[in-house]
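Lettering follows sequence order; numbering is per chain, from 1. Side chains included, hydrogens not; waters and symmetry mates left out as well; all remaining heavy atoms used. All values reported here derive from a predicted model rather than from experimental measurement.
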Amino acid sequence: MKPWSRQCSKRQARIRSIDAIISCGHESPSPTGVLGSWSVLRMSQMFMPTLREVPSEAEIPSHQLMLRAGMMRKAMSGVYSYLPLGYRVIRKVEQIVREEMDRQGGQELLFPAIQPADIWKLTGRWEDYGGEMFRLKDRGGRELCLGPTHEELATITLRDETRSYRQLPKLVYQIQTKFRDEIRPRFGVMRAREFIMKDMYSFDRDDEGCEVSYRKMYEAYRRAFDRMGLHYIVVEAESGAIGGTHNHEFMVVSDVGEAGIVFCEACGYAASEERADAAAVPEPESAPSLAADRSHARTIATPDVRTIDDLIGFLGVSPRQMVKTMVFVADGEPVAALIRGDRDVNEVKLRRALGCASLELAAPEVIEEVTGAPVGFAGPIGLKQAITIIADPEVLHVVDGVIGANAADAHIVGVRYGVDFTAHRVEDIRIVVAGDECPRCGTPLKGARGIEVGHLFKLGTKYSSRLDARYLDEAGQERSVIMGSYGIGITRCVAAIIEEYHDADGIIWPMSVAPYHVIVLPLNTTDEQQLKVAESLHSELEKLGVEVVLDDRDERPGVKFKDADLIGFPVKVTVGARGLAQCRVEVGLRRGGQTTMVGLDEAATYVSELVRSELALLSKL
RNA sequence: CGAGGUGUAGCGCAGUUUGGUAGCGCGCUUGGUUCGGGACCAAGAGGCCCCGGGUUCAAGUCCCGGCACCUCGACCA
């Protein structure tokens with residue numbers, strides 16, 4: 001590659017005419033020779049079926065564009081075939097991730113996609129994963145699954161070869177197809193049932209070592225997403241089914257994101273909605289003054305008024321005056337959660353507060369049993385059964401409150417916590433929303449939607465203890481390996497990039513992940529001269545290390561322009577009669593749409609410099 | 001799993017109410033004219049109307065049962 005480009009650039013100094021540049025391109029065997037040429041990427045021969053119309057199944061831009069630009073086709077719900085163009089982008093993203101993993105000392109390997117059930121049973125996840133896991137049996141009746149993730153396999157693989165602290169730490173990763181039988185696949189590859197993921201696992205001697213690995217991955221993720229051109233925020237998150245103690249999500253801010261996030265512009269706090277802590281609520285007034293505040297509670301008839309909205313209309317009060325009583329069943333035991341009427345219970349927080357494994361909203365029959373009233377009239381006073389009552393701190397500040405009366409068609413008004421009712425425990429159990437105070441600095445939080453493209457977990461010994469991954473430390477003491485798990489959704493990144501980089505005409509690939517850097521576009525392929533110039537430019541660019549395709553199709557110029565914009569080649573070189581009359585071609589940048597007329601003899605170097613400068617924008621690290 | 005919707009040519013859709021020869025636009029093929037932002041003329045090809053059963057002289061259309069896909073919800077990386 002290098003010698004070629006040197007030869008060519010020397011020669012370019014001498015080139016003055018169209019014929020000259022054509023001859024330069026023909027230094028290698030003619031691409032139009034009898035045998036044709038496989039080295040020239042000709043659109044006429046490539047498999048990139050673009051769609052003029054929007055497939056009706058696609059709702060969001062990335063899904064529509066991945067289908068329209070010929071990147072993929074659906075095989076079934078949530079499962080896609082990646083066509084050449086789409087697969088090239090996937091490999092670009094993979095390669096960026098691979099390089100950043102390697103930079104941090106990661107070692108790539110490949111686990112099987114198909115896994116035995118027994119290791120999953122040992123960690124309890126054979127049950128925990130539930131219907132989301134694709135399960136199958138072999139002909140011998142052995143239970144297997146298609147890996148939704150690989151913690152178990154990674155753990156036993158390292159375990160079997162690790163005896164001593166001298167063998168730690170280890171960072172291994174793979175780029176694998178994962179299988180998850182999503183309840184509802186949607187948005188193309190954004191939430192698919194089969195998708196490509198990079199997953200890394202760290203194995204350390206102790207928490208300090210794990211912290212080092214974790215930080216390495218944090219850094220690797222920053223670099224990788226920066227190189228893809230993605231803009232993200234890092235949030236504190238819940239750990240879900242993977243479990244563990246501490247974790248962060250890398251979220252690309254996007255209206256189509258499935259996760260709600262809140263963040264503070266003042267202090268940098270950021271968390272998923274389900275994880276975000278509520279700001280501390282100051283203690284309510286002291287007991288004596290409360291005692292002095294005589295109760296004004298009275299029961300009133302509220303026929304068929306069950307919901308907060310109904311109550312607002314019926315009583316003309318603010319939802320902030322109401323106290324919702326929600327009955328849950330925690331590990332089989334009913335509990336009541338009290339929360340202000342304008343708030344929602346965060347079930348993850350409630351589960352943590354109660355320390356229970358399972359938690360679900362109580363069925364209507366249970367509610368009737370507990371409250372003695374139909375659904376919609378539950379309240380903390382006079383519950384039929386003595387169950388645990390847990391209140392959100394905000395409830396303590398409700399004055400002249402409204403609660404259900406635990407009787408059909410009745411509510412109690414004028415109540416106050418500490419005067420008319422109490423709870424066994426007071427804990428933050430509410431979902432934090434935009435506008436709430438930042439738990440760290442008190443500034444109102446901003447809200448956004450986010451696409452989760454990466455997740456970092458500290459796993460502790462969750463897997464190593466259950467799968468016996470131990471080692472001997474310096475003192476000869478046997479200890480469990482401390483693990484971490486780190487995922488990047490490769491295919492989801494591709495969708496996220498498109499969400500961030502598109503316009504009405506199509507995709508606008510950042511140079512680093514574009515399927516090809518440049519498209520050379522002869523406007524009229526029946527014009528011998530245009531075609532020759534285009535072919536020459538194509539081979540010139542290839543010699544300069546530029547990834548370039550030639551749109552040699554016998555199509556109208558409009559069709560070619562539309563396809564080029566749709567597919568999103570960052571640079572477009574238009575070869576038309578108008579320009580050639582002045583020995584020039586037009587070089588256009590998809591991003592921003594600027595175009596420049598460039599002389600034939602300098603076109604190739606101009607374009608390759610443009611490609612390089614665009615690449616540099618993304619790798620200023 | 002709950003609620004709703006849609007399955008008709010490669011894509012987007014009409015036709016189903018009121019049963020009677022399978023339609024439109026784009027795309028595709030051939031010929032011609034065109035050629036700087038999804039051209040024009042002419043001639044064509046292409047359909048198990050999702051599948052199975054039923055009613056009827058006759059079913060894309062009506063009835064029953066499946067399946068697939070999409071949307072909202074619950075759930076989840």
Asker: For Met66(A) and Ile498(A), what are the C-alpha separation, side-chain angles and deciding distance, and is it a side-chain contact (heavy atoms from CB on, under 4.5 Å)?
Answerer: CA-CA 8 Å; Met66(A) 287 178 81; Ile498(A) 295 172; 3.4 Å; yes
Asker: Is Glu53(A) side chain donor-acceptor paired with the rG27(B) base, going by distance under 3.5 Å alone?
Answerer: no
Asker: State which of rG38(B), rA77(B), rC35(B) makes the closest approach to the side chain of Lys562(A).
Answerer: rG38(B)
Asker: For the side chain of Val559(A), counting heavy atoms from C-beta on, which of rG36(B), rC35(B), rG38(B) is nearest?
Answerer: rG38(B)
Asker: For Glu59(A), which contact category applies under a 4.0 Å heavy-atom criterion: base, sugar-phosphate, or nothing?
Answerer: sugar-phosphate
Asker: For rG46(B) versus rA3(B), give the span between their P atoms, rounded off to a whole number of Å.
Answerer: 44 Å
Asker: rC28(B) pairs with which nucleotide, Watson-Crick or G-U wobble, both distances below 3.5 Å?
Answerer: rG44(B)
Asker: Check the phosphate of rC70(B) against Ser56(A), side-chain N and O only, distance under 4.0 Å to OP1 or OP2. Yes or no?
Answerer: no
Asker: Measuring only the C1' atom in each nucleotide, how far is rG32(B) from rA68(B)? A whole number of Å is fine.
Answerer: 45 Å
Asker: Does a distance-only test, which skips hydrogens and angles, find a donor-acceptor pair under 3.5 Å between the side chain of Arg191(A) and the base of rC76(B)?
Answerer: yes
Asker: If we call it a pair only when both distances are under 3.5 Å in a Watson-Crick or G-U wobble match, what pairs with rC49(B)?
Answerer: none
Asker: Ignoring hydrogens and angles, does a donor from either the side chain of Lys572(A) or the base of rG37(B) sit under 3.5 Å from an acceptor on the other?
Answerer: yes
Asker: Taking only the P atom of each, what is the distance from rG38(B) to rG27(B) in whole angstrom?
Answerer: 12 Å
Asker: Mapping Met190(A) and Arg68(A) onto RNA chain B by nearest heavy atom, which one lands closer to the 5' end?
Answerer: Arg68(A)
Asker: When the C1' atoms of rG44(B) and rC62(B) are considered, how many whole Å apart are they?
Answerer: 37 Å
Asker: Between Arg591(A) and Trp509(A), is NZ or CZ placed under 6.0 angstrom from the six-membered ring centre and within 45° of the ring axis?
Answerer: no
Asker: Looking only at atom C1', what distance separates rC28(B) and rC69(B), rounded to whole Å?
Answerer: 26 Å
Asker: If pairing requires Watson-Crick or G-U wobble contacts with both distances under 3.5 Å, which nucleotide is the partner of rA68(B)?
Answerer: rU6(B)
Asker: Just to be sure I understand the rule, does Ala192(A) reach a base, reach only the sugar-phosphate, or reach nothing, if contact means heavy atoms closer than 4.0 Å?
Answerer: base
Asker: For rU6(B) and rU61(B), measure between their P atoms and round to the nearest Å.
Answerer: 15 Å
Asker: Can you run down the side chain to side chain donor-acceptor pair (under 3.5 Å) pairs that involve residues 574-589 of chain A, sequence neighbours left out, and say none if there aren't any?
Answerer: Gln582(A)-Arg584(A)
Asker: Can you find a donor-acceptor N/O pair under 3.5 angstrom joining the side chain of Thr526(A) to the base of rC35(B)?
Answerer: yes
Asker: Let's test this: given Watson-Crick or G-U wobble pairing with both distances under 3.5 Å, identify the partner of rC57(B).
Answerer: rG20(B)
Asker: I want to confirm an ordering. Mapping Phe195(A) and Phe187(A) to their closest nucleotides on RNA chain B, which one lands closer to the 5' end?
Answerer: Phe187(A)
Asker: Provide the distance between the two P atoms, one in rA22(B) and one in rG65(B), to the nearest whole Å.
Answerer: 29 Å
Asker: Parallel, tilted or perpendicular, judged at 30° and 60°: which one describes the rings of His231(A) and Tyr501(A)?
Answerer: tilted
Asker: Among all residues two or more places apart in sequence or in another chain, which pass the side chain to side chain contact (heavy atoms under 4.5 Å, CB included) test with Ala259(A)?
Answerer: Met251(A)
Asker: Look at the side chain of Glu555(A) and the base of rG38(B), then say whether one donor and one acceptor between them are separated by less than 3.5 Å.
Answerer: no
Asker: Looking only at side-chain atoms of Leu523(A), point me to the closest of rA77(B), rG38(B), rG36(B).
Answerer: rG36(B)
Asker: State, without any angle test, whether Asp552(A) and Thr525(A) hold a side-chain donor-acceptor pair at a distance under 3.5 Å.
Answerer: no
Asker: Which nucleotide, rG36(B), rC72(B), rC69(B), lies nearest any side-chain atom of Arg578(A)?
Answerer: rG36(B)
Asker: Can you tell me the Watson-Crick or wobble partner of rU33(B), both distances under 3.5 angstrom?
Answerer: rA39(B)
Asker: Just N and O in the side chain of Arg52(A): are any of them under 4.0 Å from OP1 or OP2 of rG27(B)?
Answerer: yes
Asker: Counting only side-chain N and O atoms of Arg492(A), is one of them less than 4.0 Å from OP1 or OP2 of rA77(B)?
Answerer: no
Asker: Kindly say if Arg556(A) contacts the phosphate of rU34(B), meaning a side-chain N or O under 4.0 Å from OP1 or OP2.
Answerer: no
Asker: NA contact type, Asp563(A), heavy-atom cut-off 4.0 Å: base, sugar-phosphate, or nothing?
Answerer: base
Asker: Parallel, tilted or perpendicular: which fits the ring planes of His63(A) and Tyr80(A), with parallel below 30° and perpendicular above 60°?
Answerer: perpendicular
Asker: Over all strands shown, is Gly130(A) touching base, sugar-phosphate only, or nothing at heavy-atom distances under 4.0 angstrom?
Answerer: nothing
Asker: Considering Watson-Crick and G-U wobble pairs with both distances under 3.5 Å, what does rC1(B) pair with?
Answerer: rG73(B)
Asker: Base, sugar-phosphate alone, or nothing: which one does Gly576(A) contact when heavy atoms must sit under 4.0 Å apart?
Answerer: base
Asker: Considering only side-chain heavy atoms of Arg184(A), which listed nucleotide, rC72(B), rG36(B), rA77(B), is closest?
Answerer: rC72(B)
Asker: Provide the distance between the two C1' atoms, one in rG10(B) and one in rG4(B), to the nearest whole Å.
Answerer: 29 Å
Asker: Within the 4.0 Å heavy-atom criterion, would you say Lys74(A) contacts the bases, only the backbone, or no part of the nucleic acid?
Answerer: sugar-phosphate
Asker: Should the pair Phe250(A) and Phe225(A) be assigned to parallel (<30°), tilted (30 to 60°) or perpendicular (>60°) ring geometry?
Answerer: tilted
Asker: Rounding to a whole Å, what distance do you find between Glu347(A):CD and rA74(B):P?
Answerer: 10 Å
